[in-house]
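Here is the naming used below: chain letters follow the sequence lines, and residue numbers restart at 1 for every chain. The figures that follow rest on heavy atoms only: side chains count, while hydrogens, waters and symmetry mates do not.
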There are 2 protein chains.
Amino acid sequence: MTTSRPGLRKSPQQERSKHMVDRIVAAGRQVLGEHGYERATTNRVAEAAGISPGSLYQYFPNKEAVLSAVVDAYSTEIAEQLTAVVTEHLDRPPLELMRASYEGLLEILESNREYVRLMARELPRARVAPHVDQLERRLSELVGAYLAVSRPTDRVKPAVSAWLLVRMVEHLCVQWVLEEPGFSRETLVDELMHLSAAHLAPT
Amino acid sequence: MTTSRPGLRKSPQQERSKHMVDRIVAAGRQVLGEHGYERATTNRVAEAAGISPGSLYQYFPNKEAVLSAVVDAYSTEIAEQLTAVVTEHLDRPPLELMRASYEGLLEILESNREYVRLMARELPRARVAPHVDQLERRLSELVGAYLAVSRPTDRVKPAVSAWLLVRMVEHLCVQWVLEEPGFSRETLVDELMHLSAAHLAPT
DNA sequence: GCGTGACACGAGCAATTACTCGCATACAAT
DNA sequence: ATTGTATGCGAGTAATTGCTCGTGTCACGC
């Protein structure tokens, strides 16, 4: 048995089944979106993928693995978009980089509202936590390193600033997208900028 | 059939069963904490309450109602503690009120870590949303009204400020309690004060 | 004491669900 | 063509779970 991907029962060896895993993951995403987490069953996923339950279990050892793969694929997709936006503006001055990042984040979240709803509302936090935690840690380290170099303030340690800013910005953006409160995106970005700048400003 | 409480099948009419509902709710809370949401079954709740499944269903129409009652009772408990702390310092100047509220919130969250873990990690957000949304709306209105009177800034509308501040403070405090990052409670409060003050400061 | 209704029980039903297994089929090499 | 193997099928199984119902018990008014 040759398992090249973790959580997979076997890797396809014939052409016709190369895309089976992806089809199952896509079907899982669809079922999760349409029926919600509690009504997401393996049989339903198989049906949505146009295959039989037996076939599904040739590629995934159990339900857990299927859902994990769905979350993983979706998260990776979003994380890649985010890093792309940030690296795109990495050479610009700090304030512009910040604003571009915030606007990029909102852009991504808004055009992936289904993903946001899934991760932040539908799925039990315990299942999403590993992925979100990892992303937040990575971002915190990145921001922390950036701040450690530019050292805009000595009131707070870079790591603390990074922790606060990452979680604050992320949560407010996610909530804004989900709740759609009665104020504009520019207002949100402006206020996030104001808050961030105030926090980083030297005493 | 006399139903005085919503979601209850009947209200007790003999002394020995007056506390049945509370016992069931307490058992539900315990089961939820010990076994997690996915393994919380009605039979387990009944067992934890020391009664039979049949008895449970004399007071609750279905599983949903039991869990709802658990979340409701728990939330009410916490909300009362919070409002108590705030009203305790309502006569003091704004900045002191703010600091006292933040410290009170953290005090409450820290001494109810099990509750926080349950609401923010264990339960699917969709189940908690009604309660959390209601609390957040109530808080936002309260803060909004307070800001509308004192009008510390005209850069942002009071409602917007309230929305931002409530969600920011709540989320950062909850995350701080859950993640236990490497910095002190005073640091957190100081930075929350700094952020809030900066946001509210006039241009 | 006795009768009545509230209360409690717990075995078990009906439905759901994760997962399997024996069999059919498509493919590649000989 | 034939054979060996990878792939796919889908009815079926064992276990779980929400919930019921027939039966029994206890408290209280008479």
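Protein atom CG of A/L56 is 15 Å distant from nucleotide atom P of D/dT7, rounded to whole Å. Atom CZ of B/F60 is separated from atom P of D/dT20 by 15 Å (rounded to the nearest Å). In this structure, A/E64 atom CD and C/dC19 atom C1' are separated by 15 Å, rounded to whole Å. Look at CZ on B/R23: it is 11 Å from C1' on C/dA8, rounded to the nearest Å. One interatomic measurement links the two molecules: CD of B/E47 to C1' of C/dC9, which rounds to 14 Å at whole-angstrom precision. When the P atom of C/dT16 is taken as reference, atom NE2 of A/H35 falls 14 Å away, rounded to whole Å. What separates NZ of B/K63 from P of D/dT17 is a distance of 8 Å, to the nearest Å. One atom, CD of B/Q58, and another, P of D/dC19, lie 15 Å apart when rounded to the nearest Å.
A donor-acceptor contact shorter than 3.5 Å is absent between the side chain of B/R99 and the backbone of B/M193.
One finds no side-chain N or O of B/T41 lying less than 4.0 angstrom from the OP1 or OP2 phosphate oxygen of D/dT17. Close to C/dA18, at under 4.0 Å from its OP1 or OP2, lies a side-chain N or O of A/T42. Within the structure, a side-chain polar atom (N or O) of B/Y57 is placed less than 4.0 Å from OP1 or OP2 of D/dC19.
The nucleotide whose nearest atom lies closest to any side-chain atom of B/Y59 is, among C/dC7, D/dG8, C/dG10, C/dC7. When distances are taken from the side chain of B/R39 to each of D/dG10, D/dT17, C/dC7, the shortest belongs to D/dT17. With C/dA8, C/dG10, D/dT17 as the candidates, the nucleotide lying closest to the side chain of B/S52 is C/dG10.
Residues A/N43 and A/I51 each lie close to DNA chain D; by heavy-atom proximity, the contact nearer the 5' end of the strand is made by A/I51. Comparing A/G54 and A/R44, the nucleotide of DNA chain C nearest to each residue sits closer to the 5' end for A/R44.
Across A/L32 and A/Y37, no two heavy atoms sit closer than the pair CD1-CA, 4.0 Å.
Relative ring orientation between B/W163 and A/F183 is described as perpendicular, the plane-to-plane angle rising above 60° on a 0-90° scale split at 30° and 60°. The aromatic rings of B/H199 and A/H194 sit perpendicular to each other, their planes meeting at more than 60°, with 30° as the lower class boundary.
Between B/M168 and A/L195 there is a side-chain heavy-atom pair separated by less than 4.5 Å.
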